[in-house]
Structures are given as C-alpha cells and as structure tokens.
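Every chain is numbered from 1 and lettered A, B, ... according to where its sequence line falls, protein lines coming before strand lines. No experiment lies behind these values; they were computed from the predicted model shown.
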Amino acid sequence: MKTKLQGKRWEREFESGVLKKWKRKWPYGFDRKTKRPVYSIDTPPPYVNTPVHIGQATTYVLMDMFARFRRMTGNNVLFPLGLDRNGLPIEMAAENKFNVKLTSLPRTKAIGMCKKILEESSLASVDSFFRLGISFNSWKKGTGIGDLYETDSPDYRTLTQETFIDLWNKGIIYEDERANNFCPGCQTTLADAEIDYENRKGSYYHIKFKVKETGEDIVIATTRPELVCTIGMVIYNPGDKRYRHLEGKTAIAPVFGKEVRIKAHPSAEIGKGTGIMMVCSFGDLADIRFFRDMKLEPVISIEKDGTMNKNAGFLQGLTIKDAREKYVKELEKTGLLVKTVPTDKHRVPVCERSKDAIEFISMKELYVKQVEFKSDMKKLARKMNFFAPRSRQILIDWIDSVSIDWPISRRRFYATEIPLWYCRKCGQAVVPPKGRYYKPWLEGPPAGSTGLKNGKCGKCGSSGFRWVERVFDTWFDSSISPLYILKYTRKPEGFFEKHQPCSVRPQGKEIVRTWLYYTVLKDWLLTGRRIFKDVWINYHVVDEKGKKMSKSKGNMIDPKEVLDRFGAEPFRLWTVMEGNLEKTDFRCSFERMEGTGKTLTKLWNVARFISMFPAPKTRPKKLCALDEWILQEVNGIVKHARERYENYDFHNPATRIRNFLWETFASHYVELVKQRAYNENGEFSREEQAAARYTLNTVLDAILLLLSPIVPLITYRIYTDLRGKDNHGLEFPGTDERVAKKRLPFNAKDVMEFNSAVWKAKREKGISLRTEVKSATASEKLKPLEKDLASAHNIRNLKYGKPLKVDV
RNA sequence: GGGCCUGUAGUCUAGUGGUUAUGACGCUGCCCUCACACGGCAGAGGUCCCCGGUUCGAAUCCGGGCGGGCCCACCA
C-alpha cells in the first residue's frame, strides 16, 4: 500500500507552495454578498518604517487564529490589514535620513521628505505577515470593506477630519491657552499619555536667598536654577520651626533681585532638601497647580524653541542648558552658590518618543472634553468583555487618573491637518463642511464653512483667513480605526449601523491608556455607543533573558529570521504552546520553537500512515468498541476546543490536542487498530476493517480541523492532498452524538495501562513486539477490546482478572 | 509613595482545597519495531518563593514578608 503524502516529514519549503496557491486566488476576502454575521477584528496598524518584530508577529498570528476559527463557525470575518503612516516616527526617520530639522523647513518640503521615507519603507513588513499565513481580507490598498488601509490615505484622513468637524460642531472640542507639556525636540504639545519619566543625572544647587526684612540668608536647593527668574513664592512647611519666623517676610531672588513672599504651605516637606523651597512657574505640573491655587501670575521664561525669553533677563536667548550654566557661574562669582550636590536620581518627565525633557509652556491648543465623561467611560469599560478579565482594571485605573482634557493639536507635519482657519482680523474660527480631505496649508476655508458668510468672515466681514500649522495627535487618528473599518458614514450605507459594535479589539497592554481609551472615548462621543464587544489584551514577547525588546538594547528579533530558520508553522505552534499571552509575557526561545515544531512531523506522519487506508464511502453501521472509545475522546477535545477558542484561548486546547494526537491517538489507538486496518490475514470481518478505516480517517479529519486555525499551512496541505478540498472553508467540527451516549466499561487509562504492560514485558525480554505473548491477564473492563488487543499484541491466551499480568 | 498583576524541576507550562503535582523542551541510558530516529521506551531532575494562619487536609484560601513585571503619582 502506498502513502499519499510524499516525504517523511513536513518541510519548511512546503509553506511557500501553499502560500503560492493561496495567492493566486486569495481565499480570505470579505464576502460582501452573504448574510452570515460579520465578525470584525480591529487590527492594530503597525508602523511601516520599522520592520515587524517578533512580538507583533506573535499577536498577529493569534489574531489570525481568531479570524480562522470564526470563519469556521459561520462568520463573515472582517480582518483588514491597516498600516500606520502618520506621526513622529516617520518624521524622525526623515530627519535622520536627510539630516535636517523638519521645523526649519517649509511645510510642503517637510511633508515631501516624509513621503520619501514612506515610499522606501514600502511593503517589506507586510511580507512577513504574508509568510506567516495571516488571513487578512486583502493585501491590496483600497477603500472597500476589508481592504488594506493606510492612516494617511485621503479617505482615512477625510474621516479623521470629519470626526473633528462633528465634535467641534457638537461643542466637545474647544480651544484654550494654558500651560502644556511641550517637547522642545519635537516642537509640539504632548498629552499626559505621551510622557515617560526617567531618572537622569542632575545636580541640586544650593542657592542663597536674602530675607529683605532681617537680612539673613536662607538656602534653597533646586535642580532648575535657571527658573529662578520666574519665582512666585518661597514656601516652607507649617510645622517647620526653623523657618516659622519668616512667615510673611520677603525673599530676594539671587542675581535677579526679584522679591517674593515667604509663606508656610503644606506642599513643602520638612525633610526634603533644605526644607524651604521656591516655587517657579512651570517647572512641573505641581507648579502649575500651585500658581493656580495661590492666584499667582505665572511668568513664562521659556520659548517654544527651548530658549529663554526676555523674562529671563541676562539669560535671554540662551538654551535652557546654557542658561543654567551661565546662571550658576554668576552665582559662584557672587558667592551665592553654597554647594552643588550631584544626583543620578533626578526624575524628569521626558517625551516618550524623542526622550527630550518636557517643558511646560503656555500655548493655544485644541482640547477634547474628557474630564466630565469619566463616569461614562467607566460604565463603558464595564460593558466590554475583557480577555483576560483582569485587564479591564488597566483601563479603569487610567480613567481614574485622567485629570485634564485631551489636548489633540500638535505642531508637527506628517499627520492629519486640523481643518480650522481663523479670520485674520477678528480671530473668528472657521470650520469646513464634511466631505473631503482638506489641505489647509494649501487652501483657504471652502464655501459652506461654518463661521463664513459669502466667502467672508461671518463676524467682521473680513476676507483674510489664516491657518495655524497644527495637526492632530496620532491617537486622534488611530482612535477611529473601528469606525473606519466598519465604514462609519461611508459606503455601503448602513453597514456600520448593522455591524457595530466591532467584535474585538486586540491590542497590547501598554497602550490601553492611549489606543483603547481614546477609541472608546472618541467613538462614544461620536456615536453614543460602546464601540467594542470584546477587548483582547496581550502581554509581550521578551528576549531570552526576560527583557523587553527594543531597538536601543539591540535585542530585537526580526520574524524573517524565524521564518527562514524554522518556517511559519513551528512559530505559530510555538506561539500557542508557549503560554497564554493574555496572562504573561513570554520569552523568545529558538530552542523551544524548534522543539514544538516536532509536533508537525508527528501530525504529518500520522496523516501519512492513515492515508494508506482510504475511508469507506459511508459510515459502517457498526463500530468496534475501540473505535467508539477514540471517537468519544475526540468529542471531549472538540467540545473543549470550541469553548476555549470562543474565549480567545488557543493555548489550552492546543496543549490537549497535541497530547491527544501524540499519546492517545498515535501511540495507543493507532497501534491497536493497525492489524484490523491492514487485515492481511483476514482475521477481521470486512465490516470491522471498514470501521477501523472509517475511524482512523474521521479522527484525522477532526484533528486537522481543530488545528486549522493554529497551523493553517500544514493542515491545508494534508487536507487538500488527502481530501481534495480546502479545510479552511469547512465547518468547525461538532461532537459526534452517535457515540457520545454510548457507555463503555473502560477508559483511556485502562487501555494505556494494558498496552504499556505488554510493551514493557516484551522489551524486558528483549523480544520483538511482533513475537507472540503466551498469555496475558487484562482487566475485565477491557473485554470489549479482546479481538483488537489479542491481534495487536499477538496474544495467544487473553484472560481477564487481576492483577494485570503478561507472560512472554 | 499608590494601584494592578505575578513567583510550580535547567527552561517553559497545566492545575487549583484531598491519595505518589500535568505536560513539553532540554538532559542521561537503551532500541534504526514495516507512519514517524524531528521516532520509541526507560530514567534522573521539584522545600509548588519564604513565614505564619484557616482546615481533618493547602502548591491551591487568608495575612505578612521577599523577588519580578506593568501602570500611575511625585521630589527641593
């Protein structure tokens, strides 16, 4: 008899054959015609200018399993690939490549450079997804349902601008001038969510102030001496006896000579520094709060470009760093510097992208109201299903800590431009009507804009308008991804209404406070609805030592390396076998990937073996007890897998399936049924033989279908080779009710125990497994298996009773 | 400083009040048995982080500690 599968094992090279076949006629497009329910996956668009890394590969592989499983359970799966092309990473790549600061260029030129970067980054990253066997709806760019989309396409940017126009008209967006987090490197305002804290080296400068009334010196420690020019007050703790006599007196700022009050205030701590501190405007957020509370007039000394202005007096024009040095030198000269204490634990707020220290600078920016919606957000957070459930807390914690509205304007280049003009004369704001992508740096406000009357300012009648060069925060763009993929306010009409909420948002835990939070917020503000049904939060793939992978550490792993070494299938299998990404990080180990890959060889060979025994055309009327038993085992696995898959858990079923395939099925069932399947001596009836062949094939089919979402390439290859059709287009297996209720006196353990005893006895005697066993005593329970047991082990005299005994 | 989570053999993982703790990778030894040597069999390897408590009984529940991770807040 010949096997139908060629080769002793699944080879990495087989993968490209399957992929090539798929590519010719892509089988996973979104089906616009059927009425099947839509299952939508709001995939996280990766940045295009960096290669896909191994962690992303893992999460997309898992998302692909969600998609493939849902397809097999009757859903029309919306699984689009999006590419993020907006934002600072692109701009920074351009700055590095062309060695310029975009802020020094005219807008058109800056945008042109970003476009060049984008052209070159092309689709290199997408290729890894393809090779991983990800079943995105499409690999072609377009605006149809399920098409590959880019966040900088005119269509996407149109929707981004439209959501702004809607929220503006609803009064949810407002403009305000206030101190903001400002990154001098990126030259833009930042939201709290974009700020990191770092411990940096710095120095505490102990500076002498004079008390005007008494002439005594007080020493104040500070890390920001250059801000002394903006000093608003000197404070000490009300319980601090050392300074109590200074209450209400006046301190004179060294060098600048500015006079400020000395007061007791609880925010000064006795044990910190010298116990007495100066409060300057905009050293940090606490200062801002203090100034507001004390009704002090803030003095702004730092300009947008990070240099000191006229309020800094003799420091004017210098960068912050130079200003600090110059001021400290001046203090030294005049003997006002007591000492300098170095510290490497100076905690500084930094821009999460450029790592520049954040300054607090007052600017006019646009805000989305969010503080007043905190309780609504919490309600929404409770309405969504989280996988794992405890991940919900990450979102709730963030909502609790929101304290200011969401600043959405940025002074950058490669992002969606804010379609908002102002009358040059009276400052009236003008917002265009919805309908297309506006490029306000090239055009004025169109006819039909609100605030406009006959092409002139509706307020003062003037006809000059200007655009402030501002773009949206990247999260303002990306928070509409579920709206975009579900065609909110787009064609086909009614699609969004019918298919919202989006079925699942899969994303990393570290961007819960940004991507997830802003999406839930913004889409609720727009539609009044909860945008996601499920939220799946994944942890990370870390390097072998458990450290987060990052470019700066140089421990990044490109999935291409994995694909070249092992192929997609061992990697996919490793992804589910290694652990549950919902619960923990997992370590990237090539050794373990290679190890898990062996299961593919096992699967291949089991299939190869079974392919020698074609299945009968119909199910035999009567099955043997052994067959019924293995089919019951399959039922258990199928039930478990379906339940767990529905809850985004592929890890636990995969473990069980592998164990079943390897142990229960291959080692025990197959070994016992071999003789009956071959039936070379005619010791079994035709019906018994047919039952064996039927069961072998039925179990194989079930295994292949159960594994289809996990390892799509090998299951496809085996299924099409043996069955002549695509397994991925089939229904996920159900339980076989015909055997489900059958009561069998033995269980898996009984069978395995007996087999092991026979094999052990033969091995100990050093005889072949074929050699006859004189007699054996098996448990009474195994009686229904008599014929299979006797034949498989070649037992002459099979008796029943206790204990289990084998005589060779 | 606050919050959330986590700690099972060299590595990873299952388990969750009940007899000798699951499975895998790796390791050691024997075996090329006609689907598979990327195989089979056997074996070594664990104070289930530590200390208390609840319980007839705890790796599993509670409290405390120690270690790790993430998030938030904050410093003169």
Chemist: Considering only B:rA76, B:rA35, B:rC41, which nucleotide approaches the side chain of A:M277 most closely?
Modeler: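 When the side chain of A:M277 is considered, B:rA76 is the closest of B:rA76, B:rA35, B:rC41.
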Chemist: Just to be sure I understand the rule, does A:K8 reach a base, reach only the sugar-phosphate, or reach nothing, if contact means heavy atoms closer than 4.0 Å?
Modeler: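 Since only primed, P, OP1 and OP2 atoms lie under 4.0 Å of A:K8, the category is sugar-phosphate.
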Chemist: Which nucleotide, in any strand shown, forms a Watson-Crick or G-U wobble pair with B:rU47, with both distances under 3.5 Å?
Modeler: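 Base-paired to nothing in any strand shown.
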Chemist: Any salt bridge between A:E594 and A:R592, counting N to O under 4.0 Å?
Modeler: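 No, A:E594 and A:R592 are not salt-bridged.
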Chemist: Starting from the 5' end of RNA chain B, give me the residue, A:R658 or A:Y205, whose nearest nucleotide shows up first.
Modeler: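 First, find each residue's nearest nucleotide; the 5'-ward one identifies A:R658.
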Chemist: List for me each residue that meets side chain to side chain donor-acceptor pair (under 3.5 Å) alongside A:K378, sequence neighbours excluded, and say none if there are none.
Modeler: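 A:D400.
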Chemist: Quick one: A:R565 CZ to B:rC38 P, roughly how many Å, whole number?
Modeler: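 It is 18 Å, rounded to the nearest whole Å.
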Chemist: Compute the ring centroids of A:F613 and A:Y678, then answer whether they are less than 6.0 Å apart.
Modeler: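 For A:F613 and A:Y678, the ring centres are under 6.0 Å apart.
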Chemist: Assign A:W662 to base, sugar-phosphate, or nothing according to its heavy-atom contacts below 4.0 angstrom with the strands shown.
Modeler: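 Here A:W662 touches the backbone only, sparing every base.
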Chemist: When the C1' atoms of B:rC74 and B:rG18 are compared, how many Å lie between them, rounded to an integer?
Modeler: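 Per the computed distance, 49 Å lies between those C1' atoms.
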Chemist: Working to the nearest 0.5 angstrom, can you tell me the gap between A:E633 CD and A:F665 CZ?
Modeler: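 The CZ atom of A:F665 is 12.0 Å from CD of A:E633, to the nearest 0.5 Å.
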Chemist: With heavy atoms under 4.0 Å as the rule, sort A:A607 into base, sugar-phosphate or nothing.
Modeler: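 Nothing, no nucleic acid heavy atom in range.
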Chemist: C1' atom, B:rA9 versus B:rA59: distance in rounded Å?
Modeler: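 Roughly 14 Å separates the two C1' atoms.
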Chemist: Would you mind telling me which of B:rA35, B:rA37, B:rA76 lies closest to the side-chain atoms of A:Y204?
Modeler: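 Side chain of A:Y204 sits closest to B:rA76.
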Chemist: Suppose we define a pair by two distances each less than 3.5 Å, Watson-Crick or G-U wobble; what does B:rC32 pair with here?
Modeler: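 In the structure as shown, B:rC32 has no Watson-Crick or wobble partner.
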Chemist: Can you tell which of B:rC41, B:rG39, B:rA76 lies closest to the side chain of A:T223?
Modeler: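 Looking only at heavy atoms from C-beta outward on A:T223, the closest nucleotide is B:rA76.
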Chemist: Check every strand shown and say whether A:E671 touches a base, only sugar-phosphate, or nothing at a heavy-atom separation below 4.0 Å.
Modeler: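 Base contact.
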Chemist: Could you check which nucleotide pairs with B:rC70 in any of the strands shown, counting Watson-Crick or G-U wobble with both distances under 3.5 Å?
Modeler: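 Matched B:rC70 with B:rG3 under the 3.5 Å cut-off.
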Chemist: State which residues pass salt bridge (charged side-chain N to carboxylate O under 4.0 Å, His left out) with A:R644; sequence neighbours excluded, sorted by chain then number.
Modeler: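 Counting only residues at least two positions away or on another chain, A:R644 forms a salt bridge (charged side-chain N to carboxylate O under 4.0 Å, His left out) with A:D649.
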Chemist: Can you tell me the Watson-Crick or wobble partner of B:rC61, both distances under 3.5 angstrom?
Modeler: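 With both distances under 3.5 Å, B:rC61 matches B:rG53.
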Chemist: Using atom C1' of each nucleotide, how far apart are B:rG7 and B:rU13 to the nearest Å?
Modeler: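 Straight-line distance between the two C1' atoms is 14 Å.
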Chemist: Output yes when at least one side-chain N/O atom of A:Y678 is less than 4.0 Å from OP1 or OP2 of B:rA35, else no.
Modeler: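 Yes, such a contact exists.
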Chemist: Ignoring hydrogens and angles, answer whether the base of B:rA24 and the side-chain atoms of A:E663 contain a donor-acceptor pair closer than 3.5 Å.
Modeler: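 Side chain to base: no pair present.
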Chemist: With a 4.0 Å cut-off on heavy atoms, is A:K674 in touch with a base, just the backbone sugar-phosphate, or nothing at all?
Modeler: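 Base contact - A:K674 has a heavy atom under 4.0 Å of at least one base atom.
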Chemist: Does the distance from a Lys or Arg side-chain N to an Asp or Glu carboxylate O, for A:D788 and A:K674, drop under 4.0 Å?
Modeler: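 Salt bridge flag = no for A:K674 with A:D788.
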Chemist: Write down the distance separating the C1' atoms in B:rG40 and B:rU33, rounded off to the nearest Å.
Modeler: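 Result for the C1' pair: 9 Å, nearest Å.
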Chemist: Does A:R392 have any side chain to side chain donor-acceptor pair (under 3.5 Å) partners at least two apart in sequence or in another chain, and if so, which?
Modeler: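 A:R392 satisfies side chain to side chain donor-acceptor pair (under 3.5 Å) with no other residue.
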Chemist: According to the Watson-Crick and G-U wobble definitions, with both distances under 3.5 Å, which nucleotide is paired to B:rU20?
Modeler: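 With both distances under 3.5 Å required, B:rU20 matches none.
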Chemist: Quantified in whole Å, what is the C1' atom distance between nucleotide B:rG64 and nucleotide B:rG23?
Modeler: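 My reading of the C1' atoms in B:rG64 and B:rG23 gives 34 Å.
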Chemist: Determine whether any donor atom in the side chain of A:K509 lies under 3.5 Å from an acceptor atom in the base of B:rC70, or the reverse, and answer yes or no.
Modeler: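 No pair found.
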Chemist: In whole Å, what separates the C1' atom of B:rG43 from that of B:rU54?
Modeler: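 So the two C1' atoms sit 40 Å from each other.
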Chemist: For B:rC75, give its Watson-Crick or G-U wobble partner with both distances under 3.5 Å, or none.
Modeler: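 Because no pair has both required distances under 3.5 Å, B:rC75 counts as unpaired.
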Chemist: Mind checking what makes side chain to side chain donor-acceptor pair (under 3.5 Å) contact with A:T698, not counting sequence neighbours?
Modeler: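 Partners of A:T698 under the side chain to side chain donor-acceptor pair (under 3.5 Å) test: none.
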Chemist: Atom pairs under 3.5 Å, N or O on each side, protein against nucleotides 29-31 of chain B: can you list them with distances?
Modeler:
none

Chemist: For the atom pair CD (A:E569) and CZ (A:F14), what is the distance rounded to the nearest 0.5 Å?
Modeler: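 These two atoms lie 12.5 Å from each other.
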Chemist: So if I define the base as every atom that isn't primed, P, OP1 or OP2, how would nucleotides 9-18 of chain B read as a B/S/- string at a heavy-atom cutoff under 4.0 Å?
Modeler: --BBSS----
Chemist: Identify all side-chain donor-acceptor contacts of residues 752-759 of chain A below 3.5 Å with residues at least two apart in sequence or on another chain.
Modeler:
{"residue": "A:N755", "atom": "OD1", "partner": "A:H793", "partner atom": "NE2", "Å": "2.8"}
{"residue": "A:N755", "atom": "ND2", "partner": "A:H668", "partner atom": "ND1", "Å": "3.0"}
{"residue": "A:S756", "atom": "OG", "partner": "A:M752", "partner atom": "O", "Å": "2.9"}

Chemist: Tell me whether the side-chain N/O atoms of A:K598 come closer than 4.0 Å to OP1 or OP2 in B:rC36.
Modeler: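 For B:rC36, OP1/OP2 do not have a side-chain N/O of A:K598 under 4.0 Å.
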Chemist: Check side chain to side chain contact (heavy atoms under 4.5 Å, CB included) between A:D564 and all other residues, then give those that pass, not counting sequence neighbours.
Modeler: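 Residues passing side chain to side chain contact (heavy atoms under 4.5 Å, CB included) with A:D564: A:R131.
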Chemist: Determine the Euclidean distance between corresponding P atoms of B:rC66 and B:rU47; express it in Å to zero decimal places.
Modeler: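 Approximately 23 Å lies between the P atom of B:rU47 and that of B:rC66.
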Chemist: A:Y236: what forms a side chain to side chain donor-acceptor pair (under 3.5 Å) with it, not counting sequence neighbours?
Modeler: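 Result, side chain to side chain donor-acceptor pair (under 3.5 Å) vs A:Y236: A:E247.
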Chemist: By nearest nucleotide on RNA chain B, pick out whichever of A:E11 and A:Q393 is the more 5' one.
Modeler: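 Nearer the 5' end of the strand: A:Q393.
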Chemist: Please state the C1' separation for the pair B:rG45 and B:rC38 - nearest whole angstrom.
Modeler: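 It works out to 24 Å between them.
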